[in-house]
Structure formats: structure tokens, C-alpha cells
Amino acid sequence: MNEILANHYNNAIERTKSSVLADMFKYFEKQEELPTYEEYIRERGVFINQLWLNSWLNTVGSHASNNEKRDYLTQLGFELEGLSKKTVNQMFRNEIRDVEPFHVIEWLNSLYIGQEQIWKQKYEEARQGYKERVRLLEEREKRKKFILKLEYYIDQLFGDHYEELYLYVRYLIGSQLAIDIEQKGIILDTDYCSFQEFIEVEGEAVYNRHQYEDVTEKYEGYISNYLLDFGPNWLMEHLSPHIFDDYYQAFQETLPISLIKEIAYDPFLGLCGEFFEDLLEEYVTDLTKLIDIPFDLEVHLEIFEKDLALRERRATEELEALKRRKEEEAKMIEDIFGREYSPSKARSIQYILHVGETNTGKTFQAIEKMKQANTGIYLAPLRLLALEIYERLNEEGIPCSLKTGEEEKIVEGAQHISCTVEMFREKDSYEVVVIDESQMIADKDRGFSWYKAMTKANAKEVHIICSFNAQPMILELLGDTNIEIHEYYRDIPLEVEPNFFRLNQTKKGDALVCFSRKRVLETASELQRTGRQVSMIYGSMPPETRKKQMQRFINGETTVIVATDAIGMGLNLPIRRIVFLENDKFDGTRRRYLRSQEVKQIAGRAGRRGIYNIGKVAFTHNVKTMTRLLEQEDEPLHGFAIAPTPSILERFQKYSRKLGLFFYLWDLFKSPHGTKKASLAEEKLLYEMVEDTMIEAKLSVPDLYGFLHLPFSSNEPTLRNQWKKKLEAIIDGNELPDPVIKEGTLEELELSYKSIGLHLLFLYKLGRNTEAHYWERIRENLSDSIHEKLKSGVQIAKKACKNCGKSLHPSFKFTVCNDCYFERQDRRKVQPR
């Protein structure tokens, strides 16, 4: 035998011998009488010889190493250079078939020819083992059948005696409950506290004590312990005598209680769950009184039936009360909200729709009409746009006042006013009303202001400026009125760049768009470090600062502008190229991809007649997808937003002064077809701070709601606290606390600006205009400081790997560099399991 494979050869022989002996025993099992050795060889000889080859091929093929195989073939004279492992394995298997075989029959002959006594002994061993296995199988089958029968009878007993078992467990759990309540000094709020409510209250108390006891699990544990304790003995007493007889006849022993416990364990646990569910509905007082009543089935059954009847009667009364409450709520909702949101279908107003793409002169044309009128009002979506029109008209010699929630600039003799859309008052009359960005009517929180302006305007002409996808809904809303439609299309084409944009490709006239203040500042900082002059625009930036940033770009003091999607709202700038640094945004609820209209609104700012006669658009990734969004036709808008009105709040006061009830009814109110309710999430958040306080007690419903509805950044905890302190001062008759002002970092300056803005909202609401003008000047100084901070360069803390300290790109999304990350992954792979 070749030395390389000698060890494997010996192992194959041992495997063959084991297989032959196993075959022999299997052969014996089927023989009722002792066969001769020669008979065995005649019947099984061919198979026995095959066992060697199978054992040899499997042993050496599976256990010989690749080197052993190559060495063996090399000794046989094969040239293996360049051959694959698969080819080598195939050659090896072919060659080892010719190895000297182990002669199995000769080996058997040496053991059993002339050894009749040994042959007989092997036969008897095989038969005895076979008979023992058959006996065990029959025993197991017999036991299995008995267990199935016993399980059936136990199930029958549980069904027939469910009430008896339940009443005993009820008595035990009630007694335990009484002990627990007395020991812990628990006081029940009502005699009609259910066990379910008790567990919830007790669980909350345990949680507040920073303990870790599961109260539900505790009482379920009591029930299972009771059942597993008395249950087996109870079964022994109630099982039919023939069950015991059958067991004795089958196994010649008495049915042991240990078997009852084993078989009944799972059914008892199932019963435990059912009992616990039933007990949850019971009153705690009904359970605890049982501790003083010794268990007697008839007595406890009578008590249970009385308790059940009382519960059912109370449940019926509660259902009837609930039904009456629902009916009352429905009447209140109808009375309060009614047909409040059904606009008039015919009004003697001339509506002019200016419908078109971004940057096509829609607003310009509408404002020209307003300038020619004796009186007019412009309604803007942003303070900045209101400020822009206010300044433009005054510069052109047309006196115009400005009014937003946070500022008033009254120009003597002015018959025109520029304001944010929320400042619209339906009682005021104008010759011309201009409503800008009217597709915002679909916004779930602010849209109602556009709805109100369109449907309640008291004017000769109402000019509505909107996108194409808003036109069908607005036409339906206006109904049978005089409507004139002007459509606007871009005469400056947009061209999408096919290649991915990289930041080092930034050029003069570019506007880089991302969707968070943080990303704007990071990008601007990176561009400034390369020597570029950068303007910035983001939503929380003061309008005055935003205007100065824009003016620097217009004047050429900066060459690049980095902005959020705020750039898409009515801001006309000499932009050569719009670059989308991101294709998705966080919309307040979730992160989502941009919609087609959003891409168009932003991309439409590229190009300026006489400066850039082609507007370019670039993307950092997914160019094909974003191009498709830019080119596809928008889905029409559906559903305008609705919100509470003063008349609704007045009607509500007939029923209650608690705004908590109002918000509850608002949530129940089914929004009319074609509308969607404002969520009032910010109002509810603020209301939670003043609910059941003197603020709610002393203010009327409309006044309190008006303070809840103030347009400030209520997501800032510090501003929310200032809001509450100002309300407390009003209620107590004290002076309003001054705004909190910190002049340090950019973040502190911006928060201080918002703080003054909140203060101004209160001052104007209280009619304290002179004082408001003082704080407006303070706020202007803050705005200048913010502008200077941005102008001098944004300083962003350098980002570094938290493991090795290596510098990371500001836009890198992770806290660990790639090298450290992959090193950690490699370490995990080699860890012993």
C-alpha cells in the first residue's frame, strides 16, 4: 500500500468491517430460524463486496488533503502543473479505484467458517436486540394511545367543570388580592374598578418606583400555581374508574399522579390563560370580599351570579351612556362645524388666475394690476416677499404699508398694503387683492389661510398666482364665478447637465441647494475655505439678513449662493445653474424623495433674461430619475386645507371653555369631501403647557386659541417657555418679560432674533405698537449681526473620526472613518466563536 494513503486505507478497512457487521445484524433480524453462514454469503455477498469500494472512495476522497492527492498522483507520474483543484480531484478518484482491495469475504470466512457456535451467538444477539426494540415500540404505542385517551377525558372534565374550577381559583385569587391591597395600603378610586384597571394602575406604580415586577405575570403566576397545586389531585378524584383499570391492565401498575401532572401540565396552563382573561373583567371589590367567605361551591356560585348580573347591568348602562355621549358629540360637531367649509359657488368678483411655471413673471403682472388700483393688498407666503413688495412699491412712489404678525410699518396716506397671507381680514375691502403662491392651499397646516383669502376676499378683482397643478382644484373651489385665466411659460429653457456634479466644479452664478440649515452652513464653510465668496439662504434666517445675502449675490459681492428650498419661493436671482446637492428632504415627519413639483419649483430659479438665457440644472446623483421628475407632468393637487375659524370657536363656547374638548371634537370631525384638516399639532403642544391653569381659566376660548395660533418656532423649547411666561404675565397683570437675547454664536443670535419675534407677536396682538417699534429696531441690529457673521465666514467645527482622530469631510455621514470601520469588521470575523 502506498505510504501516503496508508492511514486512510486502514480507516477504510475499519469502516468496511463495521458496515458488514451492521448488515449481518440486519439480516439476522428478519430470520425466524438460524441461517447458515453459507446462506448469508450467497444472499449478501455481492453487496458485501461493494461495501469496501464505497468505504474506500468515501474515506480517502473526503479526508485526504489536497497535498496528499497531488503527491500521490505525482508518484504515479502525472504532471499537475496548472491543473485546477477540480481536475486533480477527478484524476485522484479515478486512480484510487485500482488500489489493492480489502478482501471482505476472506475476512468473514476467517471469522465464521467452522465457527458455528460463534455464528449462532451472533444470531441470538441480533434477534434478542430486535425483539427488545419491537417490545419497546409496542410499549410506546400503547402508552401513546393511553395518553391520548387520558387527554380526551381531562379535556372533557375541564369543559364539564369549568365553572367549578373557575370559582375556586376566583376565591383563591380574590383572597390573595385582598392581602396584597392591605399590605401595600392601596386605596381604590371606585367600587367599580375592574381587575384589568387595577393591574394597569399597579403596574404604573411599580414602574414609577423603578421596580421590575411584571404585575400581569405575577397574577398569572398565582393562577398557574393554584391549578398545578390542587389540579392533579382534583383530576384523580374526578377521573372515571375505568381509566385506572385500563392503565393497570395495560401496564400492570397503578396510574401514578406524576403521569397526571405531566399530561395535564399544558391543559392547566391553557386553563390559566382563560381564567385570567375572565378575571380581568371582574370588579376588584367583588374579588376581595371572598376572603371572608369559606369556599362552598353552591355559596360561591350564588355570589358569582349576583356579581355577574350587576356587571352586565352596569355594562349595559355604560353602553347606553356612551351611545348618548356619541349622539351628543355628533350634534355638537354638526352645530360647531356644520357647513363652515362650504364656499359660496357664485360671487360678484372678477377672479384672474395667473397660472404657470416658476420665474415666468406671474407675480409681476399681478402686482402691476394692483399698482393701478386705488386700493390693493398683496398676500405673501413669506415675510421676505411681503417686505420685498412693500419696498418696491414705495420706491416706485406708490405708498404701501407692511403688516406681518411680527412687524407693522404704516405709511401715511397708503392705500396699498403688503402682508403675509395669515394677516388677511375678510371684513376689509380692496379694489384688487393679489394672492401669491396659491398652490400652498394644499399645505396641511397653513393652507386654510389661502382658502380663506380666495373665498372670503371682499374685492373687485382677486388675482390668484399658482402653479399648473393647482389650477383644477382652485377652479372647482371658485365655482360659478367670473374667472379669467392667464398662462405663463418659460422662455428661458432649462438644460440638465448629464454628468454628476462635484463641489470643486462650483462656478460663478451657481446656487447649491440642500435641505437643512446645517448642510447649508457646512457647504458654505467648505466653499469659503477655498477662497469663494458665498451667500446663504435658509428658512430660519431673518428676512432682513436673507435680503442682504441675496443683494450681495445680485451685486456680485458673492459668486455662489448656498440655500435650502426656501430659494424656490418667489426669490428672483441671477442664477446661472441650480445644483441639487441632495435629492431627498425631511418633511417634518419622515425623510422622503423630492416630488416633481418641488424639483420644478427650485430648478425654475435657474436662468435670468439678459444675463443667463439658458438655465442649467445639475445633480450629484440619480441624474436620470431627477430629470424625469423635472420633465414629467405634475399630478393635480387634491384637497385644500381647513382650520378652525373665529365663528367656530364662538359656537364652541356654548358647550365648553375647555380647549381640550375642542381639540378632541376637531379630531372626531370628519373633514368634508375635497378637504383635509389642519393637524393643529403645534397648538395642541402649546395647550398642554397651559391646560387646567389660570391661563385657561381667565382667557376666553377665542383669545386663548389666538395665542396658541401665534406663528413662532414652537419646536424650540426655550421659545415655548417664553411664550408661557408672557401669557402668565398677561393673566397676572404684569409687564411682558423681555425677550432673551444672547449675542455670541450664530445659533444664539438666530434664537435671540426669534425670541424678539415672539415678543413682537404679543405686542402687536395687545396693540402696543410704539413699544413694538423699539423692539423692531433691536431686532434689525441682531439681523445685521447675523449678516456680518455669515459675511465674515462660517466656522464649522472640524469633523474627526471618534476612534483615530483622522479628519473627516464635513458632509461625511458617519462618526467613524472607513479605515476604522473595516478594521473593526475584520476583527469581528476572526473572533473565536
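For Y489 and F468, the gap between ring centers is short of 6.0 Å. A centroid separation of less than 6.0 Å is found between the aromatic rings of F663 and Y687.
Side chain of T627 to backbone of V623: a donor-acceptor contact under 3.5 angstrom is found. When atom types are taken as modelled, the side chain of R425 and the backbone of M423 share a donor-acceptor pair closer than 3.5 angstrom. Without hydrogens or angle criteria, R577 side chain to G607 main chain gives no donor-acceptor distance under 3.5 Å. In this structure a side-chain-to-backbone donor-acceptor pair under 3.5 Å is present from R651 to D335. The main-chain N or O of E682 is never found under 3.5 Å from a side-chain atom of S714 such that the two would form a donor-acceptor pair. Between the side chain of D443 and the backbone N or O of M440 there is no donor-acceptor pair closer than 3.5 Å. Side-chain atoms of E357 come within 3.5 Å of backbone N or O of R490 as a donor-acceptor pair.
Remark: R720 does not engage E688 in a salt bridge, criterion side-chain N to carboxylate O under 4.0 Å. At a threshold of 4.0 Å, the pair K754-E750 does not count as salt-bridged, since none of the basic side-chain nitrogens sits closer than that to a carboxylate oxygen. K677 has no carboxylate O lying under 4.0 Å from a charged side-chain N of D445, or vice versa, which leaves the two without a salt bridge. Under a 4.0 Å N-O distance rule, the pair R595/E635 does not qualify as a salt bridge. A salt bridge links E780 to K409: at least one charged side-chain nitrogen sits closer than 4.0 Å to a carboxylate oxygen. Taking 4.0 Å as the cut-off between side-chain N and carboxylate O, K369 and E461 do not count as a salt-bridged pair. Ion pairing between E368 and K371 holds under the 4.0 Å rule for side-chain N and carboxylate O.
For the residue pair E650 and Q653, a side-chain donor N or O sits within less than 3.5 Å of a side-chain acceptor on the partner. Residues Q551 and Q549 bring no donor and acceptor atom of their side chains to less than 3.5 Å of each other. No hydrogens or angles considered: nothing links the side chains of N458 and Y430 as a donor-acceptor pair under 3.5 Å. With 3.5 Å as the limit, one finds a donor-acceptor pair spanning the side chains of Y753 and E544. Using modelled atom types and a 3.5 Å distance limit, the side chains of T404 and T420 yield no donor-acceptor pair.
Under the 30°/60° scheme for interplanar angles, the aromatic rings of W666 and F669 are found to be tilted.
Among residue pairs with one or both ends in residues 596-636, those qualifying as ring pair (Phe, Tyr, Trp, His ring centres under 6.0 Å) are F580-F619; sequence neighbours excluded.
Annotation: cation-pi pair R591/F586 absent, no NZ/CZ under 6.0 Å from the ring centroid and within 45° of its normal.
With sequence neighbours left out, the ring pair (Phe, Tyr, Trp, His ring centres under 6.0 Å) criterion links H354 to H463, H486, Y488.
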